[in-house]
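What follows is a single structure, written as structure tokens, with notes after it.
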Amino acid sequence: MATTAQKPKLVVIVGPTASGKSALSLKIAKEFDGEIICADSRTVYKGIDIGTAKPTKQDRAKVKHWGLDLVEPGQRFTAYRFKKYAQAAISDINSRGKLSILVGGTGLYIDSVIFDFGFRDDANLLKRQKLESLSVLELQEIIKKAGYKISENSQNKRHLIRAIETKGRAGARKSSLPKGVILVGILPPDGVIKEQVGQRAEQIFANGVLSETKKLVRKYGKEAIAETGGIAYKICLEILAGKIIEAEAIEKFKKADWQYARRQKTWFRRNKFIHWFSDAEQASNYIKAQLNT
RNA sequence: GCUGGGGUAGUGAAGCGGUCAAACACUGCAGACUGUAAAUCUGCCGGCUUAUGCCUUCGGGGGUUCGAAUCCCUCCCCCAGCA
């Protein structure tokens with residue numbers, strides 16, 4: 001059967017939010033003795049559970065999950081750190097003869113791992129603070145004078161600041177997928193995603209994000225939750241501020257989550273190595289076929 | 001039934017005689033994005049295979065005017081107050 005050389009080292013499952021990635025990864029993990037690495041920039045935060053649809057205690061008891069609850073809300077967590085973490089996790093998992101399954105909707109995190117991004121200089125937070133006080137125009141001026149090239153994101157303050165921090169250098173990346181990586185994407189039709197986003201929004205509120213938000217605010221403060229909580233929490237904060245009622249919040253969340261799904265689609269769309277499937281079932285069949293060869 | 005307010009793009013909302021296809025916001029669509037990425041930013045968004053171009057618009061109809069979304073009459077519909 002499979003020789004060790006050909007044995008896939010990593011299964012990667014991507015797709016927009018609420019497309020069924022988690023369920024699929026769980027299924028594959030159970031069937032092939034795997035462990036899951038969540039590539040999600042929000043579930044790395046402790047306590048940010050309900051609003052991010054973080055894998056449940058039950059699921060985590062059945063299959064080992066990596067990448068969850070790594071830091072406290074409000075703390076800095078970066079793509080660089082995720083990449084390091086994920087790579088270590090993968091070699092740990094593989095060294096024990098298990099299958100690594102990288103799953104998530106944070107495209108940057110996924111790409112940083114599979115294309116082995118060569119990240120550039122870290123930010124000097126003090127300098128960054130100063131840069132943040134400048135206007136877009138002033139930042140562009142600095143870049144021009146230094147001779148760095150201004151990208152298409154020339155109106156984007158964050159990108160301009162980053163360009164200055166990295167002295168305009170581009171980051172290295174692999175131009176193709178490493179051997180042994182199975183990369184699949186789940187991309188249901190828009191109508192289906194919207195439907196699932198809607199259902200999940202109802203579910204998340206029924207599960208009590210609002211009271212979770214209250215608890216988190218008490219523990220970490222409003223700022224921390226607003227900054228690192230994610231879409232659902234920002235909206236819950238609006239309820240707590242008395243700006244909207246819960247029914248409005250749910251609708252708002254559905255809309256915002258769909259917009260997020262669209263951004264994810266845009267990111268993943270340009271990755272030509274992804275094998276796309278319109279539902280988890282088909283993706284599952286493909287992965288199984290690959291793993292069984 | 002009377003009085004007052006209102007009917008403008010998918011929605012909200014400016015405009016209140018000429019420079020109005022119509023500010024602005026939201027939605028929607030497309031895109032960018034290597035150390036904040038569930039973030040941040042860009043373009044388009046009445047129609048015309050897309051343009052410093054043409055066409056059609058401002059509840060319906062009629063009128064005043066060189067010229068109306070803007071003034072007048074009338075009809076229809078909303079909302080508030082009074083009956």
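This is a predicted model, so every value here is computed, not measured. Naming: A, B, ... by sequence-line order, numbering from 1 per chain.
In this structure, Y148(A) belongs to a hydrophobic cluster whose other members, linked by side-chain heavy atoms under 4.5 Å apart, are L131(A), L134(A), V136(A), L139(A), I142(A), I143(A), I150(A), L160(A), I161(A), I164(A).
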Please table the atom pairs, donor to acceptor, closer than 3.5 Å between any side-chain atom in residues 178-191 of chain A and protein atoms at least two apart or in another chain.
| from | atom 1 | to | atom 2 | distance (Å) |
| --- | --- | --- | --- | --- |
| D190(A) | OD1 | K265(A) | NZ | 2.5 |
| D190(A) | OD2 | K265(A) | NZ | 3.4 |

Could you list the donor-acceptor pairs under 3.5 angstrom formed between side-chain atoms of residues 170-177 of chain A and any protein atom two or more places apart in sequence or on another chain?
| from | atom 1 | to | atom 2 | distance (Å) |
| --- | --- | --- | --- | --- |
| K174(A) | NZ | D116(A) | OD2 | 3.3 |

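A heavy atom lying under 4.0 Å from RNA chain B marks the following residues of residues 191-223 of chain A, by number: K194(A). Contacts between residues 235-261 of chain A and RNA chain B, defined by a heavy-atom separation under 4.0 Å, are made by K255(A), W258(A), Q259(A), Y260(A). For RNA chain B, the residues of residues 161-175 of chain A within the heavy-atom distance limit of 4.0 Å (strictly under) are R162(A), G171(A), A172(A), R173(A), sorted by number. Residues of residues 110-132 of chain A having a heavy atom closer than 4.0 Å to RNA chain B, listed by number: F117(A), G118(A), F119(A), R120(A), D121(A), D122(A), R128(A), E132(A). A heavy atom closer than 4.0 Å to some atom of RNA chain B occurs in no member of residues 137-151 of chain A.
For residues 76-106 of chain A, the ring pair (Phe, Tyr, Trp, His ring centres under 6.0 Å) pairs, not counting sequence neighbours, are Y80(A)-F119(A), F82(A)-Y109(A). Under the salt bridge (Lys or Arg N to Asp or Glu O under 4.0 Å) criterion, the residue pairs touching residues 58-71 of chain A are K54(A)-D69(A), R60(A)-D69(A), with sequence neighbours excluded.
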Item to check | Nucleotide pairing, RNA chain B (Watson-Crick or G-U, distances under 3.5 Å), in dot-bracket with [ ] and | | outcome: ((((((((.[[[..)..(.....]]].(((((.......))))).(((....)))...[[[[[..)....]]]]]))))))).
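In this structure, the ring pair (Phe, Tyr, Trp, His ring centres under 6.0 Å) partners of F277(A), at least two apart in sequence or on a different chain, are Y286(A).
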